[in-house]
K.L.:
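Please see the structure below; I have some questions.
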Amino acid sequence: AQKITQTQPGMFVQEKEAVTLDCTYDTSDPSYGLFWYKQPSSGEMIFLIYQGSYDQQNATEGRYSLNFQKARKSANLVISASQLGDSAMYFCAMREGLNAARQLTFGSGTQLTVLP
Amino acid sequence: DGGITQSPKYLFRKEGQNVTLSCEQNLNHDAMYWYRQDPGQGLRLIYYSQIVNDFQKGDIAEGYSVSREKKESFPLTVTSAQKNPTAFYLCASSDRVNTEAFFGQGTRLTVV
C-alpha cells in the first residue's frame with residue numbers, strides 16, 4: 001500500500017492566486033513527521049515545511065502553510081500569492097517514528113505551473 | 001559553507017560497467033541516504049546509513065552497493081547487475097536534532 005499519495009499529477013494556478021496541493025498518508029505509528037519539498041527543473045530538493053504528528057497547530061513558513069487534518073490523514077500544502085518562480089515539482093514525504101535519522105518516504109509528486 | 005556535495009553532476013556509463021557516485025557532507029550528520037528518481041516520478045530509497053560502518057537496504061537496493069567508512073562520505077556503486085540504471089540519483093543527510101533532510105544537487109546517470 002502507498003504510504004504517501006499525491007493524487008494531482010499536475011496543477012495550474014494563476015499568478016497571485018492561492019493553490020492547494022493534496023497529500024494523504026498512511027501509517028500506524030502515532031509518531032511521525034510530514035514534509036513538503038520543492039524540486040525545480042534543476043533537480044535540487046528544497047525543503048519547504050514540516051508538520052509533526054503531535055503539533056497542535058498547522059505549520060506555516062512565509063507563503064507556505066500546511067493544512068494538517070490528522071483524523072483524515074491529510075497534509076495539504078497551501079501556497080498563497082503564487083509567483084512564477086513557484087513553478088516546480090512538489091513532493092510530500094513522511095518519516096515514521098521519532099528518530100530523525102530514519103528515512104523519508106516520498107509521494108509521486110505534483111507538477112505546479114504558475115500562469116502569468 | 002555547510003552542505004552536501006555530489007559528484008559528478010552528469011555521468012555516462014557503458015553497459016556492463018560499474019560506476020561509483022560520490023556523496024560528501026560537512027554537516028556532521030549521522031544519517032545519510034541514497035534515492036533514485038525516474039522521470040516524472042517520486043524518490044525511491046536505495047540504501048541508508050544511520051551510523052558509520054552500518055547501512056540498510058531500502059526499497060530498491062538490488063544492483064547497488066554502498067559503504068560508510070567515514071561519517072562524511074557515503075558513496076554509491078551502481079553495478080552491472082542493475083538492469084536499468086539510467087536515472088537521477090539524489091544523496092541526502094539528516095541528524096537527530098533538525099527535522100528535515102538536506103539534499104545534494106544530484107547526479108544524472110545515463111547508460112550508453
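If you're wondering where the values come from, they're calculated on a predicted model, not measured in any experiment. Convention: sequence-line order gives letters A, B, ...; per-chain numbering from 1.
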K.L.:
What option among A/Q103, A/Q111, A/M45, A/E44 has the most heavy-atom pairs under 4.5 Å with chain B?
P.N.:
A/Q103
K.L.:
Assess the side chains of B/E69 and B/S67: does a donor N or O sit below 3.5 Å from an acceptor N or O?
P.N.:
no
K.L.:
Less than 4.5 Å to any heavy atom of chain A: does that hold for the side chain of B/Q56, its backbone, both, or neither?
P.N.:
neither
K.L.:
As an exercise, state the distance from NZ of A/K73 to CZ of A/F68, rounded to the nearest 0.5 Å.
P.N.:
10.5 Å
K.L.:
On the ring face of B/F55, is B/R68 found with NZ or CZ under 6.0 Å from the centre and within 45° of the axis?
P.N.:
no
K.L.:
For a quick check under 3.5 Å, do A/Y54 and A/S31 share a side-chain donor-acceptor pair by atom type?
P.N.:
yes
K.L.:
Taking side chain as everything from C-beta outward and backbone as N, CA, C, O, which of these in B/L43 sits under 4.5 Å from a heavy atom of chain A? Side chain, backbone, both or neither.
P.N.:
both
K.L.:
For A/Q39, is it the side chain, the backbone, both or neither that has a heavy atom under 4.5 Å from a heavy atom of chain B?
P.N.:
side chain
